[in-house]
Amino acid sequence: MDQLTRKGIWNGIVREFSAFMPEFVDESVVTLGEGNTPLVEAVNMKDVFGGIRVFLKLEGLNPTGSFKDRGMTFAVTKAKEAGATAVICASTGNTSASASAYAAKAGMAAYVLVPEGSVALGKLSQAMMHGAKVLEIAGNFDEALEIVKQIAENYPVTMVNSLNPYRIQGQKSAAFEVCEHLGHAPTYHFLPVGNAGNITAYWMGYKEYKEAGLISSLPKMMGFQAAGAAPIVLGHTVEDPQTIATAIKIGKPASLEGAIAARDESGGVIEMVTDDEILAAYRLVAAREGVFCEPASAASVAGVIKMRESGMLNDGDTVVCTLTGHGLKDPDTAMEVSVQPLKVPADMAKIVEVMEL
Ligand code: F0G
């Protein structure tokens, strides 16, 4: 007889966490198997982190390569349930990639508005491959989102930006997984902040697990914006946001209130890191931990480094960093900041010489 101990296929976050989700019709579920992403301890960076234990939540391992899939499965499921035939979103790239994939799975049309020239190559290629109508606007993300809101109000298309409440409901599942993998809540949870939906979602998830008696403490929520796109830190809208981390190049976050509540209720902070700090962290996790994330994701690690230096974190603290998207999303930035390949002749002796063995 077979001695298998497998529990079967992972059913995606809507079904796996159904007890904590708003009601849905099972036949309507649109899933690509999202969620259940690894939580990996950063064991090679003791010189940087000292005695704090840092765990990386690898959200780039979701089906379309970012955390957006957790929210998109639920938003598209509910759209299907309501009989929608098309979805629309504004995006810095990952939301559009995810919306396009889940719409394809659901047999729906997808319309995605992206800021021309500010979307990483991998993300754009995903939306195009999944057959979305990709509209590059001569404007920034904030302008695109305003237009999308108006279209969704007046035409028969469902908006799947994080203003759609099912997005946040789905994304909170990442906090559940962190608790289950650690066996408790972390002391601090660090993540990049752009439109501010994800920090809102994690905080909701942690609070729900605490209310259910599954965890006994809550983490402090630590959000990090890019210095050139830091409206929450500055306390006002940024008209022309700028950062190499295009995913979080946002000047007017839609979930501003949720982010502020997460910060204040948890006793955390929302701070900013420079592009140089982001790139240093981006390279460090790739070189030391074998984890290739996209630049925006590294804002969370840059945040840990900054807070460690400021003396806020103590030895023994458990810190989780969400690495929100996969490094392959943005090959151009990776190529720019890396050592270039060496051109060699097809000659073993010469190659060995170059290898300096
Ligand atoms: N990290 C990545 C890789 C992202 O794509 C985003 C947001 C964030 C962090 C910030 O998350 O908006 O919930 O605060 N990307 C959106 C998009 C805006 O259109 O793909 P947030």
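Atoms within each ligand, like the ligands themselves, are counted from 1 in listed order. Everything numeric here is computed off the predicted structure, so don't read it as measured data. Residue numbers start at 1 and run along the sequence shown.
Polar contact check, Ala196 against ligand 1: a nitrogen or oxygen pair lies under 3.5 Å apart. Residue Gly325 has no nitrogen or oxygen atom sitting less than 3.5 Å from a nitrogen or oxygen atom of ligand 1, judged on distance alone.
Shortest contact from atom 5 (O) of ligand 1 to any protein heavy atom: Asn94 ND2, 2.8 Å. Nearest to atom 8 (C) of ligand 1 among the protein's heavy atoms is Ile248 CG2, 3.6 Å. For atom 7 (C) of ligand 1, the nearest non-hydrogen atom of the protein is Lys68 NZ, 3.0 Å. Given atom 11 (O) of ligand 1, the protein heavy atom at minimum distance is Phe67 CZ, 3.5 Å. For atom 13 (O) of ligand 1, the closest heavy atom belonging to the protein is Asn198 N, 2.8 Å. Closest to atom 20 (O) of ligand 1 among all protein heavy atoms lies Thr95 N, 2.8 Å. Ranking protein heavy atoms by distance to atom 12 (O) of ligand 1, first place goes to Asn195 N, 2.7 Å.
Residue Glu294 touches ligand 1 through its side chain alone, judged by heavy-atom distances below 4.0 Å. With a 4.0 Å cut-off on non-hydrogen atoms, Ala247 touches ligand 1 through its backbone as well as its side chain. Residue-level proximity to ligand 1 for Thr200 is absent, since no heavy atom of it falls below 4.0 angstrom.
Taking every heavy atom of Ser91 and a limit of under 4.0 angstrom, the matching atoms of ligand 1 come to 17 (C), 19 (O), 20 (O). Contact atoms of ligand 1 toward Gly197: 13 (O), 14 (O), 21 (P) (distance under 4.0 Å to a heavy atom of the residue). Taking a cut-off of under 4.0 Å to the non-hydrogen atoms of Val193, the atoms of ligand 1 that pass are 14 (O). Residue Thr92 approaches ligand 1 through these ligand atoms, each under 4.0 Å from one of its heavy atoms: 15 (N), 16 (C), 17 (C), 18 (C), 19 (O), 20 (O).
With respect to Glu146 and Lys149, a salt bridge is recorded, a charged nitrogen being found less than 4.0 Å from a carboxylate O. Note on Lys220 versus Asp317: no salt bridge recorded, every NZ/NE/NH1/NH2 to OD/OE distance being 4.0 Å or above. The pair Glu309-Lys306 fails the salt-bridge criterion, with no side-chain N (NZ, NE, NH1 or NH2) lying under 4.0 Å from an Asp/Glu carboxylate O.
Contacts of Tyr206 classified as ring pair (Phe, Tyr, Trp, His ring centres under 6.0 Å), with partners at least two apart in sequence or in another chain: His189.
Remark: the backbone N or O of Phe224 is not paired with any side-chain donor or acceptor of Glu271 at under 3.5 angstrom.
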Point to revise | Residue pair Thr95, Met72: steps toward the side chain to side chain contact (heavy atoms under 4.5 Å, CB included) verdict | key: CA-CA 8 Å; Thr95 299; Met72 206 55 72; 3.7 Å; yes
Exercise for review: Decide side chain to side chain donor-acceptor pair (under 3.5 Å) for Thr322 and Tyr202; before the verdict, give the C-alpha distance in whole Å, the side-chain angles of both, and the deciding distance to 0.1 Å.
Suggested key: CA-CA 10 Å; Thr322 300; Tyr202 269 92; 3.0 Å; yes
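The closest approach between a heavy atom of Ile250 and any atom of ligand 1 is below 4.0 Å. Under the 4.0 angstrom criterion for non-hydrogen atoms, Ser66 is not in contact with ligand 1. Look at Ser162 and you'll find every heavy atom at least 4.0 Å from all atoms of ligand 1.
A side-chain donor from one of Glu294 and Asn94 sits under 3.5 Å from a side-chain acceptor of the other. For the residue pair Gln171/Asn198, the side-chain donor-acceptor check at 3.5 Å is satisfied. Judged purely by distance below 3.5 Å, without hydrogens or angles, the side chains of Arg167 and Ser98 never pair a donor atom with an acceptor atom.
Relative orientation of the Tyr209 and Phe176 rings is parallel, given thresholds of 30° and 60° on the angle between their planes.
Of all heavy-atom pairs between Ser118 and Lys249, the closest is OG-NZ, 2.9 Å.
Relative to atom 2 (C) of ligand 1, the option among Thr324, Leu113, Asn161 with the closest non-hydrogen atom is Thr324.
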